[in-house]
There are 2 protein chains.
Amino acid sequence: MIKCPRCGQVETIMKAGFVRGNQRFLCKDCQYYFTIAAPDAIKTKKRRHQTTIIDIAQDLGVSNSTVSRALHGHPDINPNTRKAILERAHELDYQPNQLAHSLVKSRTNTVGIIVPEFLTQFFPNIIVGAQKVLIQAGFHLIITQSDESYETEVGNTKALLANRVDGLLASMSHDTNNYDHFLAFEKRDIPVVYFNRVTDELGTHKVVANDYQGAFWAVEHLIQNGYTRIAHLGGPPNLLISQERLRGYCDALRAHGLPVLPEYIIHGDLTVQKARIYAGYFLEMTPRPDAIFAVNDPTAIEIMLLARAKGLAIPHELGVVGFSDDPIAAHIGTGLTTVKQPTLDIGEAAANMILNLMQAEEKTLPPETVMLSTELIVRGSSLRQATK
Amino acid sequence: MIKCPRCGQVETIMKAGFVRGNQRFLCKDCQYYFTIAAPDAIKTKKRRHQTTIIDIAQDLGVSNSTVSRALHGHPDINPNTRKAILERAHELDYQPNQLAHSLVKSRTNTVGIIVPEFLTQFFPNIIVGAQKVLIQAGFHLIITQSDESYETEVGNTKALLANRVDGLLASMSHDTNNYDHFLAFEKRDIPVVYFNRVTDELGTHKVVANDYQGAFWAVEHLIQNGYTRIAHLGGPPNLLISQERLRGYCDALRAHGLPVLPEYIIHGDLTVQKARIYAGYFLEMTPRPDAIFAVNDPTAIEIMLLARAKGLAIPHELGVVGFSDDPIAAHIGTGLTTVKQPTLDIGEAAANMILNLMQAEEKTLPPETVMLSTELIVRGSSLRQATK
DNA sequence: TCATATATCGGTAACGTTTGCGGATACGTT
DNA sequence: AACGTATCCGCAAACGTTACCGATATATGA
């Protein structure tokens, strides 16, 4: 019944174990091992063959190296053959296989970017800025978002690493305290540029906005408008932006002779849920703060909405200042005073920095920090004097 | 002066053509061809060697196939060797090379998505919804944005094709009239799911919101609030969303016995710049429309701002309804009435559809269209009756 | 006319991984 | 002891592309 595929004999066949669940046989005559595939082996859908360089080469009777050279403008090719090859490539709808290309060149011309979220316009703007620069330089951008989750962030970095990006732009999630997944890149000489959400525990290349200056100006502006009990709803303590904005807040108070009260400082986690809770805490305090400097605009907006719900007049009974100039800020109420960050510039600066690092001769360049200036946008939510 | 790298002789060297611009030599003694690199040839930084399967294999004295099988839980591996391999892989910080894997499997476990923009929250929300489903299924998402440019869109699709994505989610830019770059995917049996910005010129898999119904309800709502001269600032005529929203607008007017006036219908291009121009046109008309149904929220907001600047009272002198429920809509003025689209659901539905298509046995499944329902969110900008 | 220069092209190792096929060894049973 | 069976592992061919090394045929020069 079972016939040897080599010699055709039947009676010399004996069973010889299993291979991956399939019965294996041995022909004692010709000493040939063979197995018969299980009939129910499900074949994965075989993708239709895409035309390759080899197809073109065989079609024209030349070697694949000739085709490769012709397609890349190598000088060692006769103009006639080049023309024929390009024509045939177009006819066969040839699309180069970037995977094979990257594999042999060990360069993917791709940089990855990881952002904590992109539901506010802040990070998308940065991405657009970065993408513009990178596309210009012939690089692609793989965008991932961690959804403010450390685990997702680690998963994303692993995927980017497996896909062999040539560089990484990173802005970490608010609960990232371990940086091994980022250090894995630097261990492999893959440059990393951190932007916005950075930590000073890593002495590396960064692009940040001048959070300190922006915060200082914001609080000084509140003081100049007559507010004296200014609270701060901050961000996670491990992020540099939180630290810097807090520092600017404290220094501005001190510079104007106002006390820095611990009970007026709360560290949030940048989520709207927590913002609402902490805002409620502030508004129920006695004495109630007469102004709140929030770590970002969504938080500030929560404060404004809650204050409005409680019947507090803005800016007379409560001044509010946010951070980042979210598009909503211009439209809510009489406008939310906020500190504008140059998002497009941040993206462009980060992209330019990663381009430099990827082309650098040296293995490691000294860490560099680019700090872009912020700008105070004054709107109605803080203009107590003007509207009093 | 020139020494043979092999035998070290000098006088036997002769020139032998050029290789890529570099002088080529031949040692007549040992018949060795060699070239000397041009001194200004910029060496691309050689990436540090990343540990491969072969490294682990040589380190442990086994074959690379054994390592590969051990890492993938193949049964034919002794538990002890497997343990040793996994240990060593961890010690050497092995990261699999996805490129090589994809090359041999000809599957990348990656789907690409192309959106026209992501500065409003609309598309990011869809992306988040899609990503959640895809990550769950073990797929990665490569996000690209065309910036509403046909050329960029073509470039992005080419890049996704070169990177051999297994599937594509596409929402086309507003000036896309040629679909060859999308058809290139289907020609290669790479499934494509279009969402939101689709065209009926392609009879393929789609996920859309019920634009017609939403538009109908919006205009009916305006009529019920006493508006009679209702204009429509629409989108590009080639997009189905424009056509459907226009159709809903027209049908609602007709259903309530109102005339459909051509001068009350303008096709914009979804940009804010044009929106402002056309809004100005409407507001200067005589008789001036007493309500405008806008194709999306940014357009509607432009109308509101311009009306406010012209001293027109909303909703008394001008009713406005938008589309998509942008976050700003809830906060601007007394709120913008708008038609909410289930963005997360659209993303999830598109992702599920592409998953089905990628796993399908058949080469081509019959085109399917999923239509998700929309919802009218009534706010102040259209409540003439209630606020009169 | 002969030796060399040039222009064009081919052969073939890589790149890192998967996998079908085959074999060696050890184990178990009469 | 002899045979049948299990277990475990190696070899090598793909996947598609690039680039180094040569090999031709032709052109050029003395």
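So that the names make sense, note that chain A is the first sequence line, chain B the second, and so on, each numbered from 1.
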[options]: which one has an atom nearest the side-chain heavy atoms of [X]?
X	options	answer
A:His101	D:dT18, C:dT17, C:dT8	D:dT18
B:Asp76	C:dC15, C:dT18, D:dC9	D:dC9
A:Val104	C:dC15, D:dC9, D:dC15	C:dC15
B:Asn97	C:dT17, D:dT17, C:dC9	C:dT17
A:Thr52	C:dG16, D:dC9, D:dG16	D:dG16
B:Ser65	D:dG10, C:dT18, D:dT18	D:dG10
A:His72	D:dT18, C:dC15, D:dT17	D:dT18
B:Arg69	C:dC15, C:dC9, C:dT19	C:dT19
B:Ser63	C:dT19, D:dC9, D:dG10	D:dG10

Counting only side-chain nitrogens and oxygens, does [X] get under 4.0 Å of the OP1 or OP2 atom of [N]?
X	N	result
A:Ser68	D:dT18	yes
A:Thr66	C:dC9	no
A:Lys105	C:dA14	no
B:Asn78	D:dC8	yes

- Message: By the 4.0 Å heavy-atom rule, please label A:Leu99 as base, sugar-phosphate, or nothing.
- Response: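 Since no nucleic acid heavy atom lies under 4.0 Å of A:Leu99, the category is nothing.
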- Query: Across the strands shown, which category fits B:Thr81 at heavy-atom distances under 4.0 angstrom: base, sugar-phosphate, nothing?
  - Reply: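 Sugar-phosphate only.
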- Task: Specify the residue among A:Pro79 and B:Ile54 whose closest nucleotide of DNA chain C lies further upstream toward the 5′ end.
- Result: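 In this pair, the answer is A:Pro79.
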- Message: Please determine whether any donor N or O and acceptor N or O are separated by less than 3.5 Å between the side chain of B:Arg164 and the base of D:dG16.
- Response: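 No, the side chain and the base share no sub-3.5 Å donor-acceptor pair.
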